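Report on the following structure.
Note: hydrogens, waters and symmetry copies are ignored here, and every other heavy atom, side chains too, is used. Here is the naming used below: chain letters follow the sequence lines, and residue numbers restart at 1 for every chain. This structure is a prediction, so every number in the text was calculated from the model and none was measured.
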There are 2 protein chains.
Amino acid sequence: MIHCPKCNDVAFIMKAGYIRGKQRYVCKSCHHFFTIAGEHSPQDQQRKRRHQTTIIDIAKAIGISNSTVSRALHGHSDISRETRQAVLEMAAELDYQPNQLAYSLAKNKTNTIGMIVPEFFNSFFPNVIIGAHQILTEAGYNLTIMQSNESYDIEISNTRAMLANRADGLLISLTQETNNFEHLAVFEKRGIPIVLFNRVCDGLEVPKVVVNDFEASFQAVEHLILNGYERIAHLGGPLSLMVSRERLRGYKAALEKHGKPLDENMIIQGMLTQQKARIYGQYLLDLPARPDAVFAVNDSSAIEIMLIAKEKGISIPDELGVVGFSDNPESAYIGPGLTTVRQPTREMGVTVANWILQLLEDDADTEIPERKVLQTELIIRGSSRRRE
Amino acid sequence: MIHCPKCNDVAFIMKAGYIRGKQRYVCKSCHHFFTIAGEHSPQDQQRKRRHQTTIIDIAKAIGISNSTVSRALHGHSDISRETRQAVLEMAAELDYQPNQLAYSLAKNKTNTIGMIVPEFFNSFFPNVIIGAHQILTEAGYNLTIMQSNESYDIEISNTRAMLANRADGLLISLTQETNNFEHLAVFEKRGIPIVLFNRVCDGLEVPKVVVNDFEASFQAVEHLILNGYERIAHLGGPLSLMVSRERLRGYKAALEKHGKPLDENMIIQGMLTQQKARIYGQYLLDLPARPDAVFAVNDSSAIEIMLIAKEKGISIPDELGVVGFSDNPESAYIGPGLTTVRQPTREMGVTVANWILQLLEDDADTEIPERKVLQTELIIRGSSRRRE
DNA sequence: TTGTATGCGTTATCAC
DNA sequence: GTGATAACGCATACAA
């Protein structure tokens, strides 16, 4: 015989599912729901995961309401000192860990920024991450990192996951395969801010952070020319990437300005794995009319060129000048030192993080610049210094 | 004049907060809650984020219940073909994106595995990530990556975030600063499985995946000895890391087995940034009784040693043998080639991922091995090959 | 096969 | 200053 604890009725009691592993009842007379202490469902042991402390547990333990607990935990003003103290102590005692899922669901905000990068193998993205991480952490945001491994499919799946997890904003650098941007348009449609960086694209009206690839390449190639190199080859990245196209453009512009002929045979574009860099490098250095300098789209390829040259007994910088891009750590130490373009990687991380924070704050569509261009620096070392 | 749409009463209508930006009312007579179409709260425009389609929207659009929609979306069996079809079509039409937060909250499961790594600068962790990512994705899990940047404090904050976000499991490689493990014990207490890898610790009863650092180092040093090197120095990592201690132990054991004296002056342990590696390397090569070989705890330090040797005109391998650890990509190409220990990085990722999946499935505490040791491979190249 | 009603853990509104 | 209760979006036990 079960009595309703509220109206004490006994006639209209009905079973009403389970709650926290216990049989639940409803009194159809007074609409009161209740459980009976000590009763357990059969599968209780199995289905009940280790119970996580909730604010309700804290509330019960102290004998106050959960709203008060919530307010106390978040330091709202309208709360007495003692209550607040008691809540915090009990929270510690019960080892309370807030449930971010429930919080996010209620607030419609996750305090999480997603970041998708194509790879971790160069030090470029790790450094960007460090910069962004610091800014976001200070602002109270979490940074969730995913890597697309240069695969368009994985990138799609990553964006879907970011969407499902309701990231508040997205920082993304595209894979070299990406040439369709519908998966990013979805974010715009949903009002979730995006900032593209490094591997950006045209045709998408979102903020972009890049470096001055064109000018940097122009300057790098001009530097080679001014050092007396005549036949400058270019080992470029895949043309699907705008950075590759921009660097190629800078290369061509410098040649043109100084009246050097453009030899398409001395331009190779492609995805530069170590193996490919070696193959292309050997091709270049075996050309009948061998180039006397190489401008490579990244440092690892430039270093590969230097290694091949050494094997072939071609002296650097006298017989071959080499310039890379990125200023990897090892570039300062290899051979006579690799001349290269230093990119402000941490600053890029800081910039994209600050930008996304600003976009999150601005409810109104304040006028924002569409693109920020960070400045690089040409680091001149032994591999290109023929005149001195 | 407001009528209750259920009992048509007009006397007991009271305001009852806002719902989705609209004024909400309750009929105290029949306990029915309702809103009035067309009414809006003052701040409506501002607070109402772009509405995300929910299963309720789909249900309303078709005129069925949300539970049916839920079942249809998840392909439950007890659903008619037509209903299911209609739901899927409407979901596509309304551009429905499931809310993982709500899902996770209801299911008490996030389908997310967290991974915390100390750094991305060496190719080691990126490769582990690739291996783990593949396995987890196939199993329907998301991988959320955080990096502690070799900072204990960030590691703490990362684990707290993983906890708050209710990751189903945690894969973690510790920072070199970490020597307190309470933040990991919390996971055990909560029944959240952990797998430690690479940077592991004693004193924690959790699964660990490592490589055979001791044997690998032993073999590497023995290889040097068998090639006729007599005075072998060791450039080691910080002793707070077990990998450093194990590699040191292997080094000492090999010396002992072959009756070589142990010279503490020829052992340097520390965090090997490029700068530190250079400083320590110069110290070693400037010793009055200079070592004729160096066993370095990682490849970047070994390469640094090689570069210093070249600068000093010390020939490799004749005057100096060098062995590294990890088989970085560049190690195959530098100088005469760097002898090193190849670690099965992807396999490590695969292993930790499979292990955590297994731990998630096993409700019962099945007997699990406490530690898995993956096998390395000594890659012999020119830097140590004196006899041939 | 489908609908009803409730929980998941939190915040927020309103009433007191 | 505090309590009661709905909502956030989804899954599910049970009833129909």
Under 4.0 angstrom between A/Ser67 side-chain N/O and D/dG3 OP1 or OP2: no

If you check the B/Ala102 side chain, which of D/dG9, C/dT11, D/dT12 turns out closest? D/dG9

Heavy atoms only, 4.0 Å cut-off, all strands: where does A/Ile64 land among base, sugar-phosphate and nothing? sugar-phosphate

What is the distance from CG of B/Asn111 to C1' of D/dC10, rounded to the nearest Å? 13 Å

To the nearest Å, give me how far apart NZ (B/Lys109) and P (D/dT12) are. 12 Å

Separation of B/Arg71 atom CZ from C/dT1 atom P, in whole Å? 11 Å

For C/dG3 and B/Ser65 - does any side-chain N or O of the residue sit under 4.0 Å from the phosphate oxygens OP1/OP2? yes

For B/Arg84 and B/Ala106, find the nucleotide of DNA chain C closest to each by heavy atoms; which residue's nucleotide sits nearer the 5' end? B/Arg84

In whole angstrom, give the distance that lies between atom CD of B/Gln52 and atom C1' of D/dG9. 11 Å

Separation of atom CD1 in B/Ile55 from atom C1' in C/dC8, rounded to whole Å: 14 Å

Answer yes or no: is there a donor N or O on one side and an acceptor on the other, between the side chain of B/Thr53 and the main chain of B/Leu94, under 3.5 Å? yes

Just call it for A/Thr83: base, sugar-phosphate, or nothing, with non-hydrogen atoms closer than 4.0 Å on any strand. sugar-phosphate

Might you point out which heavy atoms bring A/Leu359 and A/Pro207 nearest each other, and give the distance in Å? CD1-CG, 3.9 Å

Looking only at side-chain N and O atoms, does A/Tyr96 come under 4.0 Å of OP1 or OP2 in C/dT10? yes

Which listed nucleotide (D/dC10, C/dT11, C/dT10) is nearest to the side chain of A/Lys107? C/dT11

Which heavy-atom pair separates A/Tyr96 from A/Leu73 by the least distance, and what is that distance? CE2-CD1, 3.7 Å

What is the distance from CG of B/Leu105 to P of D/dC10, rounded to the nearest Å? 12 Å

B/Ser70 (side chain) donor-acceptor with B/Asn66 (main chain) under 3.5 angstrom: no

Measure the distance from CG on A/Asn108 to C1' on D/dG9 and round it to the nearest whole Å. 10 Å

Do A/Glu155 side-chain atoms and A/Thr178 backbone N/O form a donor-acceptor pair below 3.5 Å? no

How many whole angstroms separate atom CG of A/Asn66 from atom P of D/dG1? 19 Å

